Amino acid sequence: MERYVSIEEIGDGTGGTVYKAINLQTSEVVAVKKMKRKYYDWEECINLREVKSLRKMNHPNIIKLKEIVRENNELFFIFEYMEHNLYHIIRERQRRPFTEEEIRGFMSQLLQGIVHMHRSEYFHRDLKPENLLVTDDTLKIADFGLAREVSSAPPFTDYVSTRWYRAPEVLLQSSSYTPAIDMWAVGAILAELFTLCPLFPGESEIDQLHKIRCVLGTPDWTLFSDARNVAQLMNIRYSEVMRPVNLADLIPNASLEAINLIKQLCSWDPLRRPTADECLQHPFFYANTWIPRPLADPLPLKIDSRGPQPNLELNLWDFGGKKDDCFLGLTLAVNPSGSNIEMVGKAGNITQDLLFCSDNEDKAQQSVFWSLFPPDPHGIQAPVESSLSLAFSNTIPHSTMGVPQSTGFRMPSLQPNFLTHVPSPSAAGSLSLTHS
Ligand SMILES: Nc1ncnc2c1ncn2[C@@H]1O[C@H](COP(=O)(O)OP(=O)(O)OP(=O)(O)O)[C@@H](O)[C@H]1O
């Protein structure tokens, strides 16, 4: 750890204390997490959840674990350094709420990180504002100390995540739960970004369930299998039905799209919560990104008919089953047989009419969203208007995914022995982490 010198303590959690430090060889600023317990062999370190999960993940919205150092039976994780966490940012913004655009920015990054994490077969289990680190406008998910493999066998008994963001099935001591618990936390965080205070600030586990019930109403005993435990744990009768509050009253600065998304994410029943992938296709993420054109003066939208023929798909999907919360997203997705770039080139000066939904990680899944107009046989000539955010009062069957997607650690004040101690080869070691 002689390569690192600590600058200041930046966080103290249950697992470790985190310091801002500088790598003397590279001058890189890093975050060093010094684990609280001792580790007597490497095997134990390598098998830690935080190590196992982070070694598997390489994504711009997931914190990078750069190196692991074990010295004197003490374990240090060297992470890329981030300037803030969302909890502090929320606290500082008490008089200046986030704009919906800012919230969309945070949420889309959080969801992209979660998509990668869930695809890597891990779920986080402790998503909360403190664990979402931010530098400038970039958000990264941190603290994988509780992360678990999706395939790992229940019962999950060692769960100690932060209560306010804990999904009901966890509070109800369900012995097996799914990545949907992360999606519950996303819903609670989304609401908090609007109101700047937690949605369910329970003071105990029972109070947590009570706060959830006050907002969501009594769960449907017939649909949600764990609902019976709610009654038992809260000592209430099945007949005691509490109506949900109107979330729009509780979160007055949120758009209808945002309210709809929060409602779905914070569903009692984990099966009703959208996946991170599905969330990214929710109309909340497309509000204000479409520039409508006045119908009276339509700009022609032309595609060179000599180029590759676009492959047209009409996708309908809904996000809810109830009459009042059904949201129908209606999008015509155009999958050019060439690249999107090529398509923009062919569309010439009308590129701003196209909404690009590209995932840096997966170029093959880029999509172009197109307006809903019938093609003109002589080229497409149509005024462009939004095809999203159409709310319908009837329900439609839930389709599957709708649209194609788019290191010496000198801490004299803390660890005086670091300065003098030369570790023996058997006592120390470090592991540099590179992702395949
Ligand atoms: N890479 C980093 N850059 C900057 N700050 C960080 C970094 N990693 C962690 N922190 C800060 O340190 C705090 C504690 O880190 P972390 O959550 O990893 O520790 P923990 O012991 O697992 O905490 P918890 O008790 O929440 O499980 C974080 O909330 C964050 O504010």
Side-chain angles (χ1 to χ4, degrees), residues 1 4-23 26-39 44-45 47-55 57-69 74-93 106 109-110 113-114 117 122-148 156 158-167 170 181-182 185 188-189 192-193 198 201 407 409 411 414 432-433 435:
M1 289 299 287
Y4 295 97
V5 62
S6 104
I7 298 169
E8 59 176 322
E9 183 180 320
I10 48 176
D12 191 26
T14 44
T17 307
V18 182
Y19 302 92
K20 180 177 181 179
I22 192 155
N23 180 331
T26 61
S27 301
E28 186 188 11
V29 176
V30 292
V32 174
K33 182 168 170 177
K34 178 174 180 264
M35 301 305 280
K36 290 195 168 156
R37 55 160 285 215
K38 301 248 179 200
Y39 289 85
E44 212 185 346
C45 309
N47 281 324
L48 280 173
R49 292 211 171 105
E50 195 155 9
V51 178
K52 274 172 58 175
S53 55
L54 283 171
R55 285 179 81 181
M57 286 179 248
N58 182 21
H59 188 272
N61 301 116
I62 294 180
I63 200 77
K64 278 197 181 38
L65 176 57
K66 296 160 108 33
E67 197 181 353
I68 308 165
V69 180
E74 289 187 310
L75 187 63
F76 302 88
F77 292 152
I78 319 296
F79 289 103
E80 63 178 313
Y81 174 73
M82 300 291 285
E83 280 165 15
H84 313 279
N85 69 45
L86 204 53
Y87 171 76
H88 289 136
I89 296 177
I90 289 172
R91 275 208 327 203
E92 279 161 17
R93 291 288 293 249
F106 285 139
Q109 294 182 72
L110 169 59
I114 296 176
M117 174 173 68
Y122 274 90
F123 54 126
H124 188 283
R125 305 200 302 167
D126 196 15
L127 290 175
K128 58 179 176 180
E130 288 100 314
N131 288 338
L132 304 179
L133 306 182
V134 177
T135 293
D136 299 324
D137 291 330
T138 303
L139 178 146
K140 300 193 185 216
I141 305 169
D143 191 3
F144 282 72
L146 283 173
R148 231 190 140 115
F156 303 144
D158 55 348
Y159 191 64
V160 287
S161 79
T162 313
R163 193 189 310 121
W164 295 351
Y165 306 91
R166 217 177 279 175
V170 179
I181 66 168
D182 288 341
I189 293 167
E192 188 167 339
L193 284 169
T407 92
F409 189 46
M411 301 190 297
L414 301 155
S432 287
L433 299 171
H435 295 274

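For reference, positions follow the sequence shown, starting with 1. Ligands are counted one by one from 1 in listed order, and the atoms in each one are counted from 1 as well. No experiment lies behind these values; they were computed from the predicted model shown.
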Novice: Check this for me: does any side-chain nitrogen of one of E74 and K34 sit under 4.0 Å from a carboxylate oxygen of the other?
Specialist: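 Yes, this pair counts.
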
Novice: Tabulating one pair per line, provide the atom names and distances (0.1 Å) for every N/O atom of ligand 1 that is less than 3.5 Å from a protein N/O atom.
Specialist:
{"residue": "ligand 1", "atom": "1 (N)", "partner": "E80", "partner atom": "O", "Å": "2.8"}
{"residue": "ligand 1", "atom": "3 (N)", "partner": "M82", "partner atom": "N", "Å": "3.0"}
{"residue": "ligand 1", "atom": "17 (O)", "partner": "N131", "partner atom": "OD1", "Å": "3.2"}
{"residue": "ligand 1", "atom": "17 (O)", "partner": "D143", "partner atom": "OD2", "Å": "2.9"}
{"residue": "ligand 1", "atom": "18 (O)", "partner": "K33", "partner atom": "NZ", "Å": "2.9"}
{"residue": "ligand 1", "atom": "19 (O)", "partner": "K33", "partner atom": "NZ", "Å": "3.4"}
{"residue": "ligand 1", "atom": "21 (O)", "partner": "T14", "partner atom": "N", "Å": "3.1"}
{"residue": "ligand 1", "atom": "21 (O)", "partner": "G15", "partner atom": "N", "Å": "2.7"}
{"residue": "ligand 1", "atom": "21 (O)", "partner": "G16", "partner atom": "N", "Å": "3.0"}
{"residue": "ligand 1", "atom": "22 (O)", "partner": "K33", "partner atom": "NZ", "Å": "3.0"}
{"residue": "ligand 1", "atom": "22 (O)", "partner": "D143", "partner atom": "OD1", "Å": "3.0"}
{"residue": "ligand 1", "atom": "22 (O)", "partner": "D143", "partner atom": "OD2", "Å": "3.0"}
{"residue": "ligand 1", "atom": "23 (O)", "partner": "D143", "partner atom": "OD2", "Å": "3.4"}
{"residue": "ligand 1", "atom": "25 (O)", "partner": "T14", "partner atom": "N", "Å": "2.7"}
{"residue": "ligand 1", "atom": "25 (O)", "partner": "T14", "partner atom": "OG1", "Å": "2.9"}
{"residue": "ligand 1", "atom": "26 (O)", "partner": "K128", "partner atom": "NZ", "Å": "3.2"}
{"residue": "ligand 1", "atom": "26 (O)", "partner": "D143", "partner atom": "OD2", "Å": "3.3"}
{"residue": "ligand 1", "atom": "27 (O)", "partner": "T14", "partner atom": "OG1", "Å": "3.4"}
{"residue": "ligand 1", "atom": "27 (O)", "partner": "D143", "partner atom": "OD2", "Å": "2.8"}
{"residue": "ligand 1", "atom": "29 (O)", "partner": "E130", "partner atom": "O", "Å": "3.1"}
{"residue": "ligand 1", "atom": "31 (O)", "partner": "N85", "partner atom": "ND2", "Å": "2.8"}

Novice: Has R125 got a side-chain atom pairing as donor or acceptor with L146's backbone, closer than 3.5 angstrom?
Specialist: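 Indeed, once roles are kept as given, a pair shorter than 3.5 Å links the two residues.
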
Novice: So, the side chain of D126 versus the backbone of T162: is there a donor-acceptor pair under 3.5 Å, distance only?
Specialist: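 Side chain of D126 to backbone of T162: a pair is present.
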
Novice: H124 side chain to D143 main-chain N or O, any donor-acceptor pair under 3.5 Å?
Specialist: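 A pair under 3.5 Å: yes.
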
Novice: Between the side chains of N23 and E28, does any donor sit under 3.5 Å from an acceptor?
Specialist: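 Judged by distance alone, the side chains do not pair up.
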
Novice: Kindly say whether L54 contributes a backbone atom to a donor-acceptor pair with the side chain of K64 at under 3.5 angstrom?
Specialist: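 Checking the backbone N and O of L54 against the side chain of K64, no donor-acceptor pair under 3.5 Å is found.
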
